[in-house]
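The first residue in the sequence is number 1, and the count goes up from there. Reckoned from all heavy atoms, side chains included, excluding hydrogens, waters and symmetry mates.
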Amino acid sequence: MRNRIIESTVKTAAFAAAFVLGAAAQANEVEVGLIAPMSGPWARQGQIMKMAADLAIDTINRQGGIRSLGGARLKLAVFDVGDSVEKAKNTAQRMVADSPNLVVATGAYLSSFTLAVTEVTERARLPVVTFSYSDLITSRGFKYVFQTSATGDQQAEGSLPALMEMAQQASGRRPRTVGIVMDNTAASVAFVKPIKDHQLARLGLKLVVDETFTPPLANATPLIQKVRSARPDMLLLLPTAISDAKLLLEKMNEFGLGKGRLPTISNGAAILDPDLRNNMNLDQLEGLMSVVANWTTGAHKDFIDEVRRKTGEPWPTQHFVTTYGDMWIFKAALEAAGKADREAVTRALRTMNLSDGPAKFFPGGRIKFDANGRREGAGLLIVQWQKGVPVTVYPPKDAVAAPVWPKR
């Protein structure tokens, strides 16, 4: 009998110790989220984002975690939005229902997905940081959404005059006609809207091709046939899925429009992904340009070396740089908040004003959000494929190479 009492006492003590240790371990972790496409045509981008988050979190934890929380470690929770707006919204609903300890999140790659996801996270008062482009994301009066990118509208307003100037300097003449081939995602729509609304008239451009498709693209032939027939002076080619970009570019080359014969400019990073280089003839990419909200510059040499060494990726894409920076924004917000609490972190994001730390991973070099949640001073970059690598060519202060305007 006495032995049974001793045994029971030991088990109770062991259970209590395990409970205390478990609670302590839980208290020493802060759960942050990544909600992004891990399947479907945008899976590559989601996987890149996870790779970046893992790398940043590993560094943050190795350097002591969140000091204001006693060295608490960041723990990443990943949620797959799949390949449709409906799936993205469902995933967000499961995320807020099943993960009450989630403090802050980043996502969701496509603007269309981010619009749906943030409808849910706003009601749950979960702060979300995003690089998605659509102006609508931060024009709805939401209090828990923070946009680090220049919006699609801002990118269109800032980039098209610069592209016209590049053409003038390189070829001695400004383009007079333009074609647009785009998918119907929210980011592409946001980029094109100001162009059609007023920029074409302001810049003296005539729109001679205007085609929109729903991804994934099954057949690029009809779209590129129209481009070949119209022969615009330049083409705005706006896919958001790598598979669509590949189809369109291969068809352009098949029709004699590639390899610089038709100056082609994209928006976003799909057309700059290493996967394209791995699956296409390098000549077919040479000279292609894209307007992006983030990329590496000459100031990121050590970061680029680290990414190559630890991930095997040939270069960090827009999604990589931004998601990596987001994890450091989370750290800064948690340090300022002093507790793993959604409201406290939201307040820290709203009052954040940094020109160092995570700021070095965002064009403009400052992390400060306005009343709508848009990052003040968010800049844009123009990146161009040169000798098999996408390099920043605009603005001059961030450029690592001079732009080359493809000659027809």
Side-chain angles (χ1 to χ4, degrees), residues 37 40-42 45 83-85 109-115 131-137 149-160 162-164 175 177-201 203 205-253 255 257-258 262-273 276 285 288-293 318 380 382-383:
W42 294 279
Q45 286 89 336
D83 59 0
S84 71
V85 171
Y109 180 64
L110 277 188
S111 290
S112 305
F113 294 169
T114 303
L115 285 164
F131 62 72
S132 295
Y133 290 174
S134 174
D135 304 70
L136 296 175
I137 292 168
S149 296
T151 65
D153 186 281
Q154 291 170 329
Q155 291 182 44
E157 295 285 0
S159 63
L160 206 55
L163 291 165
M164 297 288 282
T177 60
V178 62
I180 297 175
V181 175
M182 58 181 278
D183 68 22
N184 61 356
T185 62
S188 298
V189 171
F191 185 77
V192 164
K193 185 176 184 304
I195 292 175
K196 290 184 177 177
D197 283 352
H198 57 264
Q199 281 200 326
L200 292 177
L203 297 171
L205 282 166
K206 181 181 179 182
L207 184 63
V208 295
V209 179
D210 186 9
E211 295 293 328
T212 302
F213 66 88
T214 299
L217 183 62
N219 183 5
T221 301
L223 299 172
I224 303 305
Q225 275 180 335
K226 292 181 180 178
V227 175
R228 181 173 63 174
S229 298
R231 292 304 297 253
D233 290 336
M234 69 177 185
L235 175 67
L236 299 180
L237 188 69
L238 312 175
T240 54
I242 296 170
S243 54
D244 293 346
K246 182 174 184 293
L247 270 181
L248 290 162
L249 292 172
E250 287 179 339
K251 190 57 65 177
M252 286 182 64
N253 279 275
F255 284 3
L257 301 173
L262 172 60
T264 303
I265 303 97
S266 191
N267 177 231
I271 215 160
L272 304 172
D273 196 276
L276 277 181
L285 298 171
L288 281 170
M289 288 184 272
S290 192
V291 180
V292 291
Q318 168 186 254
L380 63 88
I382 298 177
V383 177

Show the numbers, then the answer: is there a side-chain contact (heavy atoms from CB on, under 4.5 Å) between Leu257 and Val227? CA-CA 9 Å; Leu257 301 173; Val227 175; 3.9 Å; yes
One pair to check against side-chain contact (heavy atoms from CB on, under 4.5 Å): Gln318 and Val383. What are the steps and the verdict? CA-CA 10 Å; Gln318 168 186 254; Val383 177; over 6 Å; no
If you apply the rule side-chain contact (heavy atoms from CB on, under 4.5 Å), what do you find for Phe213 with Leu248, and how did you get there? CA-CA 11 Å; Phe213 66 88; Leu248 290 162; 4.1 Å; yes
List the steps, then state whether side-chain contact (heavy atoms from CB on, under 4.5 Å) holds for Ile137 with Leu115. CA-CA 6 Å; Ile137 292 168; Leu115 285 164; 3.7 Å; yes
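With 3.5 Å as the limit, one finds no donor-acceptor pair spanning the side chains of Asp153 and Thr151. A donor-acceptor pair shorter than 3.5 Å cannot be found between the side chains of Ser111 and Ser134. Side-chain contact check for Thr212 and Asn184: no donor-acceptor pair (N or O, by modelled atom type) lies under 3.5 Å.
How far OH of Tyr133 is from OG1 of Thr114: 12.0 Å, rounded to the nearest 0.5 Å. Atoms NZ and NE2, on Lys193 and His198 in that order, are 8.5 Å from each other to the nearest 0.5 Å. Rounding to the nearest 0.5 angstrom, the gap separating the CG atom in Asn267 from the OG atom in Ser159 is 7.0 Å. Within the model, atoms CE of Met252 and OG1 of Thr264 stand 3.5 Å from one another, a figure rounded to the nearest 0.5 Å. Atom-to-atom distance recorded for Arg228:CZ and Lys251:NZ is 9.5 Å, nearest 0.5 angstrom. To the nearest 0.5 Å, atoms CD (Glu250) and CG (Leu276) are separated by 9.0 Å.
When side chains are defined from C-beta on, Arg231 does not count as touching Val208, because their heavy atoms never get closer than 4.5 Å. The closest side-chain heavy-atom distance from Ile180 to Val209 is not below 4.5 Å. Between Asp83 and Pro37 the shortest side-chain heavy-atom distance does not fall below 4.5 Å. Side-chain contact between Leu249 and Leu285 is present, with at least one heavy-atom pair separated by less than 4.5 Å. Using a 4.5 Å heavy-atom cutoff, the side chains of Asp183 and Leu238 are not in contact. Between Lys246 and Asp273, every side-chain heavy-atom pair lies at or beyond the 4.5 Å cut-off. By the 4.5 Å heavy-atom criterion applied to side chains, Leu223 and Leu217 are counted as neighbours. Side-chain contact between Leu237 and Ile271: present, with at least one pair of heavy atoms (C-beta onward) separated by less than 4.5 Å.
By the side chain to side chain contact (heavy atoms under 4.5 Å, CB included) test, Ser112 is found to be paired with Val85, Thr185, Ala186, residues two or more places apart in sequence or in another chain being considered.
When all heavy atoms of Ala269 and Val292 are compared, the closest pair comes out as N-CG1, 4.1 Å. For Gln154 against Leu380, the heavy-atom pair with the smallest separation is O-CD2, 3.9 Å. Across every non-hydrogen atom of Met164 and Pro175, the tightest pair is CE-O, 3.5 Å. Closest approach of Glu157 and Pro194 over heavy atoms only: OE2-CB, 3.6 Å. A pairwise comparison of heavy atoms in Thr240 and Tyr109 identifies O-OH, 3.0 Å as the closest pair. When all heavy atoms of Ala293 and Ala150 are compared, the pair lying nearest together is CB-N, 4.2 Å.
The list of salt bridge (Lys or Arg N to Asp or Glu O under 4.0 Å) pairs with a residue in residues 209-219, not counting sequence neighbours, reads Lys196-Asp210, Glu211-Lys226.
Judged by distance alone, the side chain of Thr177 and the main-chain N or O of Asp233 form a donor-acceptor pair under 3.5 Å. Between the side chain of Ser188 and the main chain of Met182, no donor-acceptor pair closer than 3.5 Å is present. With hydrogens and angles ignored, the 3.5 Å screen pairs no side-chain donor or acceptor of Ser266 with any backbone N or O of Ser290. Using a distance-only test at 3.5 Å, with no hydrogens or angles considered, no donor-acceptor pair links the side chain of Trp42 to the main chain of Ile242.
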